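What follows is a set of notes on a single structure, which appears directly below.
A note on names: the letters A, B, ... follow the listed sequences, proteins ahead of strands, and every chain is numbered from 1. All values derive from a computational prediction rather than experimental measurement.
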There are 2 protein chains.
Amino acid sequence: MRPGERPEIANLPLFREMQERQRERIFTGSFLQAFPPQLTLFELGQYPDFLHVLVDGLVELHAHSAGRDTTMRIVEPVTSFILAAVVTDQPYLMSARTIAPSRILLVPAALVREVVKDDPALMQATMRELAKAYRDMVRALTDMKLRQSAERLGNLILQQEQRQGGTGKVRLKAEKRVLASLLGMTPENLSRAFGVLGNHGIAVNGAQLTITDRAALEAFVRPDPVPGDPP
Amino acid sequence: MRPGERPEIANLPLFREMQERQRERIFTGSFLQAFPPQLTLFELGQYPDFLHVLVDGLVELHAHSAGRDTTMRIVEPVTSFILAAVVTDQPYLMSARTIAPSRILLVPAALVREVVKDDPALMQATMRELAKAYRDMVRALTDMKLRQSAERLGNLILQQEQRQGGTGKVRLKAEKRVLASLLGMTPENLSRAFGVLGNHGIAVNGAQLTITDRAALEAFVRPDPVPGDPP
DNA sequence: CGAACCCTTGATGGCGATCAAACGCCGTGG
DNA sequence: CCACGGCGTTTGATCGCCATCAAGGGTTCG
């Protein structure tokens with residue numbers, strides 16, 4: 001582990017409040033591993049072996065069935081993922097693959113379940129994390145059901161802009177094809193959606209976006225009625 | 001509370017494992033209230049006052065924004081709902097209304113949060129419940145993104161048939177218009193989707209459905225690659 | 001008995017998917 | 001260093017699923 005990384009992981013909402021002794025158990029039982037891009041980490045249907053914490057890189061969670069495939073979430077560092085499958089010991093509902101060279105902390109699933117039982121602070125943090133994940137999914141589903149594609153794209157841009165500091169500039173971290181799948185559309189239509197947003201306050205230059213007219217953009221995208229949870 | 005109901009509530013996965021003393025705190029601080037149909041219980045954006053436990057009747061959770069509205073979940077008794085908003089003390093992401101005369105146990109949200117802190121078994125049950133809710137939402141989102149409307153309907157029928165005892169008969173509990181919204185389509189298209197399923201092993205008679213050819217139905221609907229969690 | 005309201009059926013239109021092809025970027029290999 | 005080839009993206013043309021608009025039957029409730 002590189003200097004500064006262990007504190008960064010220990011400072012995650014999930015691990016921040018727990019007893020130092022239990023945290024030590026977690027860390028000594030885990031290991032950090034590097035993966036090349038385009039590598040499948042696990043497949044939907046498998047039972048969870050590890051809680052994953054993305055330390056560096058980029059990971060795509062996707063679901064697939066009967067030849068169709070859709071991106072469910074793009075995980076940025078530093079974040080844990082697939083906590084729900086681990087705590088309930090039920091099969092993954094999504095597959096995961098790296099989309100950039102990535103380093104991931106692997107915490108044995110059984111160890112997580114054990115320590116959760118022994119450490120109330122960790123259990124509470126897990127509860128909060130799951131509640132947040134649930135609420136994120138509720139938002140994603142309403143987004144899909146209530147908005148059409150260009151509106152979804154506009155909202156995603158607004159969210160990313162907030163996450164990236166609110167400077168009016170947004171850099172897309174994933175390929176546009178992946179982004180399209182995340183938004184539930186085809187690459188062709190994503191391209192056209194960017195075209196539409198050109199008339200509503202967005203300028204596109206490759207992966208670099210600029211919000212040129214925030215008011216116009218917000219008027220177009222039907223922003224969430226309930227403002228986002230703080231990160 | 002009617003005879004037999006208190007044990008039934010106490011036996012919910014959420015409350016089953018907790019200490020009797022803490023459970024007593026929950027029950028004495030709560031009250032059971034009856035509501036007529038078509039009554040709004042709470043609105044999206046409000047802060048949660050109560051954890052709700054539907055004891056009898058039927059409740060619809062729905063989201064809305066900019067004049068559009070979509071059903072997110074139909075709650076059947078006996079089930080708790082909006083647990084995530086309560087434990088995190090964040091605004092509801094969905095509104096709730098009764099769609100039948102209903103009786104609901106109202107547990108003050110602050111009391112829930114307090115008792116959760118004091119009772120590890122309740123906290124663990126809450127964690128599990130949230131994990132399940134999260135996984136249900138993942139399924140709902142993949143359903144919406146990967147399947148088209150008649151396939152979604154067919155899958156819902158198969159799930160309901162399991163929940164109702166696997167007898168090959170399914171009775172729809174909600175109006176078809178609500179069902180349509182839950183499935184992300186219009187009433188007109190739901191009607192047509194039933195027509196399509198007529199060629200794939202389903203017979204419709206009002207709200208009473210019969211699975212006449214399970215193999216044909218399963219071939220048509222692209223069943224989930226990961227079998228459902230046990231209830 | 002009548003009047004909503006729900007469900008159904010038909011006709012039309014729009015959003016987004018699919019098919020097809022050209023462009024641009026980038027890495028490789030000559 | 002440049003030519004080539006592959007892949008992601010863009011643009012255009014067409015198709016299909018589903019929404020919308022419209023109207024008719026059936027049921028329920030006042």
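The terminal axes of the helix from C/dC1-D/dG30 to C/dG30-D/dC1, fitted over 5 pairs per end, subtend an angle of 30° to the nearest 10°.
Distances from the side chain of A/Asn189 to the nucleotides C/dT18, C/dC7, C/dA17 place C/dA17 closest.
The CG atom of B/Leu183 sits 15 Å away from the C1' atom of D/dC17 (whole-angstrom rounding). The interatomic distance linking B/Asn205 (CG) with C/dT8 (P) rounds to 11 Å, in whole Å. Rounded to an integer number of Å, the gap from CG of A/Leu190 to P of C/dT18 is 15 Å. Atom CZ of A/Arg152 and atom C1' of C/dC15 are 11 Å apart (whole Å). The distance from atom CE of A/Met185 to atom C1' of D/dT9 is 14 Å, rounded to the nearest whole Å. Between the CD atom of B/Gln38 and the P atom of C/dC6 there is a distance of 8 Å, rounded to whole Å. Taking atom CZ on B/Phe194 and atom P on C/dT9, their separation rounds to 12 Å, with Å as the unit. The CD-P distance, from B/Glu188 to D/dC21, rounds to 10 Å in whole Å.
Interface remark: the B/Arg177 side chain does not form any donor-acceptor pair with the C/dT8 base, using a distance-only criterion of under 3.5 Å. Taking only distance into account, the side chain of B/Gln148 never meets the base of D/dC18 through a donor-acceptor pair shorter than 3.5 Å. Judged by distance alone, with hydrogens and angles left aside, A/Glu175 brings no side-chain donor or acceptor close enough to the base of D/dC7 to form a pair under 3.5 Å. One can find a donor-acceptor pair under 3.5 Å joining the base of C/dT18 and the side-chain atoms of A/Arg192.
Stacking of A/Arg103 on the aromatic ring of A/Phe35 is not recorded, the 6.0 Å distance cut-off and the 45° axial limit not both being met. A cation-pi arrangement is not found for A/Lys132 relative to B/Tyr134, the charged atom failing to lie both closer than 6.0 Å to the ring centre and inside a 45° cone about the ring normal.
If you run ring pair (Phe, Tyr, Trp, His ring centres under 6.0 Å) between B/Phe50 and each of B/Phe31, B/Phe42, B/Phe81, B/Tyr92, only B/Phe31 comes through. Tested against A/Asp224 for a salt bridge (Lys or Arg N to Asp or Glu O under 4.0 Å), the candidates A/Arg135, A/Arg147, A/Arg152 yield a single pass: A/Arg147.
The phosphate of C/dG16 (OP1 or OP2) has a side-chain N or O of A/Ser149 nearer than 4.0 angstrom. For the pair A/Thr186 and C/dA17, the criterion of a side-chain N or O lying under 4.0 Å from OP1 or OP2 is met.
Taking the charged nitrogens against the carboxylate oxygens, A/Asp143 and A/Arg139 have no contact shorter than 4.0 Å, which rules out a salt bridge. Using a cut-off of 4.0 Å between Lys/Arg side-chain N and Asp/Glu carboxylate O, A/Glu161 and A/Arg214 are scored as salt-bridged.
A donor-acceptor pair under 3.5 Å is formed between the side chain of A/Thr186 and the backbone N or O of A/Asn189.
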